[in-house]
Structure formats: structure tokens, C-alpha cells
K.L.:
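First the structure, then my questions, so here it is.
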Amino acid sequence: MIRRQQPLSERLEARGISRRSFLKFCTTTASLLALSPALAPRIAEALESPRRPSVIWLSFQECTGCSESILRAGAPSIESLIFEAISLDYHETLQAAAGHQAEAAREQAMAENAGGYILVVDGSVPLGNAGFSTVAGQSNLDTLKAAAAGAAAIICMGTCSAFGGIPYANPNPTGAVPVSEIITDKPIVNVPGCPPIPAVMTSVIAHYITFGTLPELDHLGRPKVFYGQNIHDRCYRRPFYERGQFAETFDDEGAKAGWCLYKLGCKGPTTYNACAVLKWNDGTSFPIEAGHGCLGCSEPNFWDGGSFYKPLSQGTEIGGKTLIAAGVAGIAGGVAAGVANRAKQKTLRAPKPEAKKEDKA
Amino acid sequence: MSRPDLNAVLRQRARGTGNMVLVLHEVAHALEALAARGEARVIDLSSLPMTAPELDRLTDWLGRGEVIAQIEAEGRSEAMETAYPGVWLVTHRDRDDMLRGRYIEITPLPEILRSQPADIAAAGRRMARALTHFSDLEEAS
């Protein structure tokens with residue numbers, strides 16, 4: 001269990017980090033939060049506060065990509081201050097404890113901070129056979145319900161916990177659901193992405209530390225600061241879209257000239273995320289800049305939304321087997337098979353998180 | 001498809017989003033407020049999409065003034081007064097030299113250039129310790 005009571009000023013001095021460096025960090029953090037740089041002193045003040053919220057991080061049906069992403073946040077020596085400003089009491093991948101000791105640490109943190117801790121979840125929760133995903137002999141469902149009961153708020157890191165993600169994709173063999181379909185009486189912040197941008201994850205935590213509240217959310221429970229605008233509107237290739245200049249293949253002259261990737265399946269127009277602004281790998285680039293269309297990974301059901309390589313205007317595809325059946329049975333039979341297949345598919349709908357802005361979490 | 005005219009592509013890229021002129025108007029208004037009421041203002045250049053050529057044109061347009069300061073604080077930072085006194089271009093990089101933030105500050109002096117009170121206090125303690133050590137050495141010699 002991480003407990004630190006040493007004042008921040010002493011920690012900075014001990015690590016050879018000047019106050020000026022800290023101010024610089026707070027200024028760039030304000031930028032990430034889309035706050036005025038003038039609020040940097042407020043962030044500094046909050047990070048110096050002795051209040052250290054307890055954070056319990058649970059991992060369910062996931063690939064650990066979200067944890068990998070957050071650990072790759074840039075400039076670890078100073079961004080780690082975010083982690084020093086919280087008490088990360090349970091994280092299966094990061095903690096030194098294992099087995100019963102780890103579970104005891106989680107239970108102790110939950111008891112000591114009942115009603116006040118932040119619960120971070122990555123991964124979807126299987127409602128089918130409990131054996132699909134268990135930790136220490138306890139089903140994910142039971143673990144989530146127990147941990148959520150005493151949480152002040154829940155942060156769903158990644159598309160799997162926010163919207164179900166790949167486990168939720170058709171035919172969803174484990175009966176996976178997002179957290180918001182189970183927990184309906186707690187504030188939930190969805191931070192989708194496969195994985196989310198590291199700075200987005202740390203900034204949501206920083207917002208809570210700084211203001212003691214959750215950020216303003218959109219209709220899908222996502223922080224508006226990062227998910228308020230779509231990729232397309234912030235894309236540097238947007239002028240080419242406006243002029244009707246599209247790459248037709250990945251190696252044609254249009255692609256080489258950096259034209260819009262819409263016709264190659266880019267989901268930027270319907271995807272709300274901050275990739276075009278914050279970018280990846282310490283701001284190096286993002287998928288569209290690397291020459292590939294956006295997959296729409298921060299949107300619900302992105303995996304079932306049709307081909308990644310067909311333009312949005314062509315809509316959702318039916319499966320290949322259905323098309324073969326249609327070819328054999330003729331148009332009428334094909335239509336019937338298509339309808340039957342679509343009926344088997346779960347509705348392509350956005351889950352309805354009970355997310356709400358909380359003034360005082 | 002026909003081959004694109006690459007010169008036309010480059011011209012279109014240079015035209016960019018059109019946001020450069022918006023930023024310049026914002027700077028002009030902020031400069032008036034600084035002169036009239038002493039109100040400082042910071043514009044975060046990442047808050048508006050602009051192409052790389054547009055950003056280059058923006059900095060070229062603002063020009064260079066009399067002061068360029070380099071700061072080594074968990075990575076290199078630079079505060080450059082533009083050709084318009086009171087308008088500063090401030091960039092922050094991390095220890096890997098990755099760009100972390102770029103701002104236009106409309107202020108008499110960017111905050112990053114000031115010595116911070118906590119650093120000043122720590123410097124006082126450090127200098128006192130060093131002088132004690134210095135006195136010991138003097139006595140020994």
C-alpha cells in the first residue's frame with residue numbers, strides 16, 4: 001500500500017526538481033485538461049495538498065493494454081507526481097503483493113476509505129459462466145459490485161469497461177457487458193479508447209485530485225474536454241476532405257500527397273476522441289498521420305460497425321457467410337437470410353451509462 | 001485517377017485551416033488589454049488546430065524581438081519576445097526533447113522566467129550550508 005506524507009516541496013527538492021519545473025509541468029497539464037494555463041497555480045496547489053485519494057484498480061476481461069498505455073505516459077519522472085498524489089492501493093499488474101496478501105490489501109483499502117475511494121476498472125464483465133473470468137476465486141461481477149458499493153466514483157479506463165469493447169463484440173460468447181450496465185447508482189466516467197491516450201487517463205485523475213470533482217461528461221459519460229470534438233474536425237487532413245481530395249488506395253498518389261482517408265474507411269467523422277490533438281507516443285503522431293484511417297475505437301460497438309476499410313457512407317455490413325448464402329439462394333432468399341442474421345445480431349446500440357457530473361465526489 | 005499537382009497540394013497545405021488569423025486577432029486584443037489595464041493573457045496554441053506550415057507562418061509573422069531566454073527545467077523551454085514587445089512565444093519540451101506545450105503569452109514577463117519563491121528559499125538554505133562548509137575549509141587552511 002502506497003502511503004506518502006512528505007510534503008511535495010520536499011519531494012521535489014529531494015529529487016532535484018525545481019519549483020520552476022513543477023510550474024512548467026502544471027502549465028502543460030492545464031493544457032491537457034483544456035484549462036486556461038492561468039489555472040496552473042491551482043493545479044500546483046492541489047498536488048501539494050496532503051489529501052491523497054485512495055484508488056483501487058480492477059482488471060476484468062481485458063488485454064492490459066490500458067495499463068500498458070498509462071505506464072507509457074511521457075516524462076515519467078515528473079508525471080509520476082500524479083501517481084504520488086494518489087494512493088494506488090490495488091492494481092494486479094503493478095502491485096508487489098500477490099495472492100491472499102493482495103486481496104487483503106484491497107479489502108483493507110476499501111474498508112478504510114469506504115465511500116471515498118476512486119474505483120478504476122479496465123475490462124468488461126462477463127455475465128455468462130462466472131468461470132470465464134475470476135480473480136482469487138471471485139467472479140468479476142461479485143468483485144465489481146463489492147468494490148463499487150464503497151466507491152465515490154468509478155472511472156472506466158478503456159472501451160471494454162466503458163462500452164464492452166471486443167469481448168462485447170458479436171457473438172459475445174461470455175455475455176460481456178460494460179460497467180454501466182451493472183452499476184447504476186454511482187457516478188461513472190467513461191474513458192474509452194483501445195487503449196485510451198495516456199495523457200487523457202492521467203488528466204482525468206489529475207482533474208479529480210485538483211478540483212475534487214469529476215470532469216463534465218457527454219451523453220456517453222466521456223469527459224467533454226477530450227471527447228467533445230470528433231477526430232475529423234480536428235484532423236489536419238480536413239482541408240482535403242473539404243476539397244473532395246481523397247486517397248483511393250493506400251499507395252496511390254493521393255495517399256502519398258496526404259489526402260483525406262475517408263474513402264479508405266476512416267471513422268474520424270463519427271469518432272470523438274483527442275488523438276488528432278494530443279497524438280500518441282509523446283505527441284509524435286496519430287493513426288491518420290501515419291497513413292491509416294481512424295478505427296473509431298473510442299465509440300460504442302466499434303468492432304461491430306462494419307469494415308474498417310469501407311467508407312462510412314456504405315453503412316454496416318452483413319457477414320460473409322450471409323453473402324454466400326444470398327448468392328446460392330437468390331436475391332429473395334438472400335434478403336431473408338440477411339434479415340435473419342441481423343436479427344441474431346445484438347442491436348448496435350450505445351449502452352446507457354448512468355454517468356452524471358458530480359459536484360463533489 | 002489522375003496524378004495530383006504536388007505544387008497545388010503544397011499551396012493548399014500552406015493555406016491550412018484559416019485559424020492563424022483568428023489567433024493574431026486574439027493577440028491584438030490581449031495586447032490592448034495589457035497596455036490599458038495590465039491584464040496578462042496566455043493563449044494555448046494547441047487549443048486550435050493549425051497545420052505545421054500555419055504555425056511556422058504564425059511565428060514568422062510575429063517575428064523576433066530583443067529577448068530570447070532558454071530554460072533548462074526537466075527539459076528545454078524557451079521564452080522569446082516577439083517583434084511586438086509584450087508578446088512572448090513560450091515553448092516547453094520534456095527531457096526527451098518532445099514538444100509538450102506552445103503558448104503565446106501577452107505579459108511583461110512570462111512566469112516561467114521568474115525565480116520561484118520555493119526555489120529562492122531552498123537556494124538560501126543551500127547557500128548557507130555551502131558557506132558553512134566554505135568556512136570550515138578556510139579555517140583548516
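Naming convention: chains lettered A, B, ... in sequence-line order (proteins, then strands); numbering from 1 in each chain.
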K.L.:
Looking at A/Arg20 and B/Leu113, what are the two nearest heavy atoms and their distance?
P.N.:
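Closest heavy-atom pair between A/Arg20 and B/Leu113: NH2-O, 3.2 Å.
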K.L.:
Compare every heavy atom of A/Lys24 with every heavy atom of B/Ala73, then report the nearest pair and how far apart it is.
P.N.:
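So the minimum-distance heavy-atom pair works out to O-NZ, 3.0 Å.
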K.L.:
For B/Asp119 and A/Arg19, indicate whether the former's side chain and the latter's backbone hold a donor-acceptor pair under 3.5 Å.
P.N.:
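Yes: the side chain of B/Asp119 pairs with the backbone of A/Arg19.
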K.L.:
For B/Arg125, which atoms come within 4.5 Å of any heavy atom of chain A: side chain, backbone, both, or neither?
P.N.:
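Looking at B/Arg125, just its side chain touches chain A.
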K.L.:
Looking at chain A, which one of B/Val90, B/Leu99, B/Ile120, B/Val42 has the largest number of heavy-atom pairs inside 4.5 Å, strictly under?
P.N.:
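With the most close heavy-atom pairs to chain A, the winner is B/Val42.
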K.L.:
Do you know which two heavy atoms are closest between B/Arg100 and A/Thr28, and how far apart they sit?
P.N.:
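It is O-CG2, 3.7 Å.
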K.L.:
Take a 6.0 Å sphere around CD of B/Glu66 and say whether it holds more than 12 heavy atoms from other residues, nucleotides or ligands.
P.N.:
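Not more than 12 within 6.0 Å, no.
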K.L.:
I need the residue from A/Thr27, A/Leu278, A/Asp233 with the largest number of non-hydrogen atom pairs under 4.5 Å to chain B.
P.N.:
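Heavy-atom pairs under 4.5 Å are most numerous for A/Thr27.
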K.L.:
Count the heavy-atom pairs under 4.5 Å between each of B/Glu105, B/Glu72, B/Arg114, B/Arg41 and chain A, then report the option with the highest count.
P.N.:
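Max contact count across the listed options: B/Arg114.
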K.L.:
Testing the basics here: between A/Leu23 and B/Gln116, what is the closest heavy-atom pair and its distance to 0.1 Å?
P.N.:
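For A/Leu23 versus B/Gln116, the nearest heavy atoms are CD2-NE2, 3.8 Å.
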K.L.:
Would you mind checking which part of B/Ile71 comes under 4.5 Å of any heavy atom in chain A, side chain (CB onward), backbone (N, CA, C, O), both or neither?
P.N.:
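It is the side chain, since no backbone atom gets that close.
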